[in-house]
Amino acid sequence: MKAQDVLPDGEDFTTINGRTLRKGSVAAFLANARILEDAGTSAADRQAAEQDFASLIPTLDALGLFDVFELRSPFLREEVARHRAAISPVPAAASPNA
């Protein structure tokens, strides 16, 4: 499968599992993860990155990203698990990849 098979040229979003997903969500998540992992990040930049990072978790859940990939960083894994638990009726610990 190619990228254009998932999101054709000229389209900025798609719907998967009932959730509207914007183009660039994975790249934005990765950029925020890098900011959060950078010890030199200012408090204001860290706070903005934390909010953006958390807001993308439901989107990446809908894509199934966390079912396929495991975050290497213990901090990022804990943050994802914490946010998933807060938005899901099923405890994150019940998920095999939480």
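In this structure, F29 and F53 have parallel ring planes: the angle between them is below the 30° cut-off, well short of the 60° mark.
At least one side-chain heavy atom of N32 sits less than 4.5 Å from a side-chain heavy atom of L56. Taking the side chain as every heavy atom from C-beta outward, I57 and R84 approach each other to under 4.5 Å.
R22 CZ to T59 OG1: the interatomic distance, rounded to the nearest 0.5 Å, is 10.0 Å. Note that the CZ atom of R19 and the OG atom of S25 stand 9.5 Å from one another [nearest 0.5 Å]. One finds the CD atom of E70 at 12.0 Å from the CG atom of L76 (value rounded to the nearest 0.5 Å). Atom CG of D45 is separated from atom CG of D38 by 9.5 Å, given to the nearest 0.5 angstrom.
Residues L36 and L65 fall within the same hydrophobic cluster, defined by Ile, Leu, Val, Met, Phe, Trp and Tyr side chains chained together at heavy-atom separations under 4.5 Å. Linking ILVMFWY residues whenever their side-chain heavy atoms come closer than 4.5 Å, directly or via other members, places L71 and F75 in the same cluster. One hydrophobic cluster, built from ILVMFWY side chains closer than 4.5 Å, cannot hold both L60 and L7; they sit in different ones.
The closest donor-acceptor contact from the side chain of R46 to the backbone of T41 lies at 3.5 Å or more, if one exists at all. Of the possible donor and acceptor atoms, none in the side chain of D52 sits under 3.5 Å from a partner among the backbone N and O of A49.
Think of V6 as one node in a network of Ile, Leu, Val, Met, Phe, Trp and Tyr side chains linked at under 4.5 Å; its network also takes in M1.
Using a cutoff of 4.0 Å between basic side-chain nitrogens and carboxylate oxygens, R82 and E79 are scored as salt-bridged.
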Show me the donor-acceptor pairs within less than 3.5 Å that the side chains of residues 10-17 make with the rest of the protein, sequence neighbours left out.
{"unit_1": "D12", "atom_1": "OD1", "unit_2": "K23", "atom_2": "NZ", "d": "3.3"}
{"unit_1": "N17", "atom_1": "ND2", "unit_2": "A62", "atom_2": "O", "d": "3.0"}

